[in-house]
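Structure first, commentary second.
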Amino acid sequence: MAITGAAELLATWEAGLAEASTGRALLLHRTARPDVDAATLPVLPVGEREADLFALRRALFGERMQVRLACSACGADMEFDLDAGEFARSLGGPGDSAVRVEQDGWDVEFRLPGVADLTVAARAADPRNALLARCLVSAVRDGAPVDAADLPVPVQRRIAEAVEAADPGADVTLNIACPECGDATRAELDIASYLWTELDAWARDLLLDVHLLATSYGWSEPEILALSPLRRRYYLELCADV
C-alpha cells in the first residue's frame with residue numbers, strides 16, 4: 001500500500017464532502033488500493049475491502065482505534081481501544097472469490113458479494129432473492145440447470161453459511177462486556193464511517209494549519225503541504241511564540 005501524501009488525502013476528503021456514505025467508502029478504498037482499477041473495487045468481496053480499509057487506517061493514523069459505545073442494557077458509556085493492524089491481519093480478505101455448495105443433489109457455485117451487489121440488492125423488493133440472482137454463478141439439480149428463484153430454503157441457508165465462513169470480514173461485529181452491569185453489547189464496526197470521521201477531522205485541522213502558516217510566512221498551500229508534519233508543527237509553535 002502506497003502512503004498517500006497530504007495533498008492527495010485532502011483531495012480525497014474534498015471529493016468526499018459531496019458524497020453519501022457509499023461514495024465516501026469507495027473513495028477511501030481507492031486510496032487504500034491505488035493498484036486496482038476503480039471499476040473493480042466495488043465488486044471485490046466485502047471482507048477484502050474491510051481489510052484494505054483497516055490497513056489504510058493503520059497507515060494513516062496508527063494502530064490504536066478508540067471506540068465509544070453505549071451499553072444496550074444499562075446505557076453506560078463504554079470506551080475501549082482496538083488494534084487496526086490486528087484487524088487488518090485477522091480479516092486478511094477471502095482466499096477465493098466464490099464458494100461451492102453440494103447438498104442433496106444440488107451443486108451450486110456462488111460468487112462472494114461485493115459492495116455493489118449489496119447496494120443493488122438493498123434497493124430490491126426482496127433483497128435476499130435479488131442478491132441470490134446477482135451472485136449466483138451456476139446451480140444444477142441432478143445434472144439440470146436451475147434458476148436462483150428455484151433454490152430451496154435449505155440450500156439458500158447453506159450458501160449463506162458458506163459465504164460467511166469464506167468471507168468473515170464482511171461483517172465485523174464487536175461483542176463488548178459492560179464494566180458496569182456485565183451484559184454484552186453487540187455492535188457493527190463500520191470501518192469506512194470510522195475512517196471518514198477521522199479523515200474529516202484531520203483535514204479540517206490541516207487546513208487551519210495551512211491558514212496560520214500562510215498568514216505568518218506567506219507560503220502557498222502546496223509549499224506548506226510539502227512540509228513534513230513535524231516541520232509544520234515546529235513552524236506553528238514558532239508562530240505561537242511571536
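- Atom CZ of Phe80 sits in a crowded spot, with more than 12 heavy atoms from other residues, nucleotides or ligands closer than 6.0 Å.
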Decide side-chain contact (heavy atoms from CB on, under 4.5 Å) for His29 and Asp52; before the verdict, give the C-alpha distance in whole Å, the side-chain angles of both, and the deciding distance to 0.1 Å. CA-CA 7 Å; His29 201 188; Asp52 289 339; 2.8 Å; yes
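- Here Asp209 contributes atom CG and Ile224 contributes atom CD1; the two are 9.0 Å apart, rounded to the nearest 0.5 Å.
- Leu207 places a side-chain heavy atom less than 4.5 Å from the side chain of Leu10.
- The two residues Thr173 and Asp171 come nearest to each other via the heavy atoms OG1-OD1, 3.0 Å.
- The backbone N or O of Leu227 lies less than 3.5 Å from a partner atom in the side chain of Arg232, making a donor-acceptor pair.
- Here Trp13 pairs with Asp200 under the side chain to side chain donor-acceptor pair (under 3.5 Å) rule; sequence neighbours left out.
- By the side chain to side chain contact (heavy atoms under 4.5 Å, CB included) test, Phe61 is found to be paired with Arg57, Leu195, Glu198, Trp202, residues two or more places apart in sequence or in another chain being considered.
- Note: Leu206 CG to Leu9 CG = 9.0 Å, rounded to the nearest 0.5 Å.
- Checked against ring-ring contact (aromatic ring centres under 6.0 Å, His included), Phe110 has no partners two or more places apart in sequence or in another chain.
- Within the 3.5 Å criterion, the main-chain N or O of Ser72 finds a donor-acceptor partner in the side chain of Thr185.
- Shown here are the side chain to side chain contact (heavy atoms under 4.5 Å, CB included) partners of Asp37, two or more places apart in sequence or in another chain: Ala39, Thr40.
- At a threshold of 4.5 Å between non-hydrogen side-chain atoms, the residues Leu118 and Val46 count as touching.
- Gln156 places a side-chain N or O within 3.5 Å of a backbone atom of Leu151 that can act as its donor or acceptor partner.
- Residues in residues 143-157 take part in no salt bridge (charged side-chain N to carboxylate O under 4.0 Å, His left out) pair, two or more places apart or across chains.
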Stepwise, does the salt bridge (Lys or Arg N to Asp or Glu O under 4.0 Å) test hold for Arg64 with Asp83? CA-CA 5 Å; Arg64 183 186 179 197; Asp83 189 317; over 6 Å; no
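- In the hydrophobic clustering (ILVMFWY side chains linked at under 4.5 Å, chained through shared members), Leu230 stands by itself.
- Going from atom CG of Leu53 over to atom CZ of Arg49 covers 5.5 Å, rounded to the nearest 0.5 Å.
- Cluster partners of Leu41, by chain and number: Leu26, Val36, Leu44. The rule joins Ile, Leu, Val, Met, Phe, Trp and Tyr whenever side-chain heavy atoms lie under 4.5 Å apart.
- Shown here are the ring-ring contact (aromatic ring centres under 6.0 Å, His included) partners of Tyr217, two or more places apart in sequence or in another chain: Trp219, Tyr235.
- In this structure, Leu212 and Cys239 have side chains that are not in contact, with every pair of non-hydrogen atoms separated by 4.5 Å or more.
- More than 12 heavy atoms of other shown residues, nucleotides or ligands fall within 6.0 angstrom of atom CD in Gln103.
- Minimum interatomic distance between Gly62 and Ala84 (heavy atoms only, all atoms of both residues): O-CB, 4.0 Å.
- Under a 3.5 Å cut-off, the side chain of Arg24 and the backbone N or O of Gly16 do form a donor-acceptor pair.
- Residue Val67 is grouped with residue Met78 when hydrophobic side chains (ILVMFWY) are merged at heavy-atom distances under 4.5 angstrom, including chains of intermediate members.
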Please tabulate, for side-chain N and O atoms in residues 123-137, each donor-acceptor pair with protein atoms closer than 3.5 Å (sequence neighbours left out).
| from | atom 1 | to | atom 2 | distance (Å) |
| --- | --- | --- | --- | --- |
| Asp126 | OD1 | Arg128 | N | 3.4 |
| Asp126 | OD1 | Asn129 | N | 3.4 |
| Asp126 | OD2 | Asn129 | ND2 | 2.7 |
| Arg134 | NE | Asp117 | OD1 | 2.5 |

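- The two residues Leu69 and Ala187 have their closest heavy-atom pair at CD1-CB, 3.7 Å.
- With sequence neighbours left out, Arg231 forms a salt bridge (Lys or Arg N to Asp or Glu O under 4.0 Å) with no residue at all.
- Judged by distance alone, with hydrogens and angles left aside, the side-chain atoms of Asp107 form no donor-acceptor pair with the main-chain N or O of Glu102 at under 3.5 Å.
- Residues Cys71 and Cys181 are in side-chain contact: their nearest non-hydrogen atoms beyond the backbone lie under 4.5 Å apart.
- Proximity of Leu27 to Glu19: side-chain heavy atoms (C-beta onward) are separated by under 4.5 Å at one or more points.
- Rounded to the nearest 0.5 angstrom, Leu82 CG and Leu189 CG are separated by 6.5 Å.
- Remark: Asp190 CG to Ser21 OG distance equals 7.5 Å, nearest 0.5 Å.
- Legend: residues meeting side chain to side chain contact (heavy atoms under 4.5 Å, CB included) with Pro168, ordered by chain and number and at least two apart, are absent.
- With sequence neighbours left out, Glu221 forms a side chain to side chain donor-acceptor pair (under 3.5 Å) with no residue at all.
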If you apply the rule side-chain contact (heavy atoms from CB on, under 4.5 Å), what do you find for Asp81 with Met65, and how did you get there? CA-CA 5 Å; Asp81 293 341; Met65 296 174 59; over 6 Å; no
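- Taken from CD in Glu50 to CG in Asp167, the straight-line distance is 9.0 Å, to the nearest 0.5 Å.
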